[in-house]
Number of protein chains: 2
Amino acid sequence: MVSKKYIIRLCRYRNVLYRLKSMGFMRVVSNNLADATDVTALQVRKDFSLAGITGNKKGGYRVDELIEKLNQILGKNEIQKVILVGVGKIGIALMYYKGFEEEGIKIEAAFDIDPQKYGKQKDIPVLPLERLRDFVKTNNIKTGIITVPDMAAQQVFNLMISSGIKGVLNFAPIKLRSTPDIVINNVNLVMELENLIYFVNTGERNKGEIL
Amino acid sequence: MVSKKYIIRLCRYRNVLYRLKSMGFMRVVSNNLADATDVTALQVRKDFSLAGITGNKKGGYRVDELIEKLNQILGKNEIQKVILVGVGKIGIALMYYKGFEEEGIKIEAAFDIDPQKYGKQKDIPVLPLERLRDFVKTNNIKTGIITVPDMAAQQVFNLMISSGIKGVLNFAPIKLRSTPDIVINNVNLVMELENLIYFVNTGERNKGEIL
DNA sequence: TAGATTGTTAATCGATTAACAATC
DNA sequence: TAGATTGTTAATCGATTAACAATC
């Protein structure tokens, strides 16, 4: 089993490689990728080695080959379908976020309990929560995003899982009760900011001292 | 220097402790905290030990004492002032997000280059980008949030840093060029989702096999 | 007392980094 | 060739987990 960090690095490399390709680069050395990501050149080579990607001792790596191999590993062929539950400010922001479609991710539908929300946002239908189960099953959706208030998150999660969802991106700052076969990625915005503030403050406090 | 992960765990404990306190709990054992967070009981005790917090061999830890100690370490006294640049959908979502004020974090002002955005969102003033430097200096702000398009992120970052900001929460999916004394936390929503999808898909592929 | 719980020290594990060999 | 670069193996580092002692 590969680690999450490793996969994230591979995604990073791929993103950079697409950009380099569009700029006309044919080859790339580990140092180029290191500069463009938060990774050392050594780590880049190690990752590629681990991924079974080999370069050329003199000329580095071929961009095309690299992209192809990474796509093979990361599985970047079909469009990835996801649903979203919770059409509040954050939910809507995600529905309008351009970054997803650029990466082949499509929010197929959003769900809410508030009838006032029903209709469309951008080109995405907003449906009653009761229709989630059917929608997930008929469209064979495996991934969901939770942007509901904390209190509702566990309930929505349970509904998702019982409908066949296998992975959840959760924006509610609570620990979801789950089973090992379900993948959960948590995004806790308050915690990110609190954490940042902590290091800013201690950095201030310890200015000039050894940490 | 303590690790980011460690600090995040301490924040988690504190959040749970506040909730337990409001429910009337006076004491808590490491197992309670483990259940409420994504941490083992052993790790909880280890963390407390490292933080210089001691419990009682029979009765666990006193909730009040625990909160006080954690506040001491994490520094949770005054309101934390931050600014935000980029009043798009995500920026606005953050401005309306209730979780921040609950944790004593206040977005003091937001900035944008689009005059149509100027005015107020919720009770937060939206100002021209040119006023950022003055605002940051006169209000002694140390933390900023970047929610601008990728292309503008580095420029906004530079402006922030030259104005005196020491820590940045960055939502743009690029690597910001910086110096070691600046703290940067990146939130990359596409990457979180891509990563999730990867593990969902491989989980599907390897159903029943050894990973 | 017996059982539950803390808390420390040692072992393990995984990931990163260093060293260096290989080769284009 | 000499220099740049890859790529592997070993060393290091940090964090987590295990074992077990202490004690209320």
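Residue numbers start from 1 in every chain, and the chains themselves are labelled A, B, ... in the order their sequence lines are given, proteins ahead of strands.
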Please report, rounded to the nearest Å, how far the [atom2] atom of [N] is from the [atom1] atom of [X].
X	N	atom1	atom2	answer
B:Asn32	C:dA4	CG	P	15 Å
B:Lys5	C:dT16	NZ	C1'	13 Å
A:Gln43	D:dG7	CD	P	15 Å
B:Tyr6	D:dG14	OH	C1'	15 Å
A:Leu50	D:dT8	CG	P	10 Å
B:Ile8	D:dT16	CD1	C1'	16 Å
B:Lys4	D:dT16	NZ	P	14 Å
B:Glu65	C:dT6	CD	P	13 Å

* Watson-Crick and G-U pairing of DNA chain D, under 3.5 Å, as dot-bracket with | and [ ] -> ..||||||||||||||||||||||
Give me, pair by pair, the N or O atoms of the protein and of nucleotides 18-24 of chain C that are less than 3.5 Å apart, along with how far apart they are.
none

* To do: Quickly, which of A:Ile141, A:Val156, A:Val85 forms a side chain to side chain contact (heavy atoms under 4.5 Å, CB included) with A:Leu132? Name it, please.
  =>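 Exactly one option meets the side chain to side chain contact (heavy atoms under 4.5 Å, CB included) with A:Leu132, and it is A:Val85.
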Euclidean distance, [Y] [atom2] relative to [X] [atom1], rounded to 0.5 Å:
X	Y	atom1	atom2	value
A:Glu194	B:Cys11	CD	SG	4.5 Å
B:Lys106	B:Phe100	NZ	CZ	13.0 Å
B:Asn188	A:Asn15	CG	CG	7.5 Å

Name the closest nucleotide to the [X] side chain, picking from [options].
X	options	value
B:Ser30	D:dT8, C:dT6, C:dG7	C:dT6
B:Ser49	D:dT16, C:dT8, D:dG7	C:dT8
A:Ser3	C:dT16, C:dA15, C:dT6	C:dA15

* Mapping A:Thr40 and B:Val28 to their closest nucleotides on DNA chain C, which lands nearer the 5' end? -> B:Val28
* Are the side chain of B:Gln80 and the backbone N or O of B:Gly104 linked by a donor-acceptor pair below 3.5 Å? ->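 Not at all, since once roles are kept as given, no pair shorter than 3.5 Å links the two residues.
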* Check whether any side-chain N or O of A:Arg27 sits under 4.0 Å from OP1 or OP2 of D:dA4, and answer yes or no. => no
* **salt_bridge(B:Glu68, B:Arg62) N-O dist < 4.0 Å** =>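 Salt bridge absent between B:Glu68 and B:Arg62.
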* Asked: Does A:Lys122 pair with A:Glu101 as a salt bridge, N-O distance under 4.0 Å?
  -> yes
* To do: Decide yes or no for B:Leu189 and A:Phe171: does some side-chain heavy atom of the first lie under 4.5 Å from some side-chain heavy atom of the second?
  => yes
* Asked: Taking all atoms of both residues into account, what is the closest heavy-atom pair of B:Leu94 and B:Ile107, and its distance?
  -> O-CD1, 3.8 Å
* When all nucleic acid strands are considered with a 4.0 Å heavy-atom cut-off, which category describes B:Phe48: base, sugar-phosphate, or nothing? -> nothing
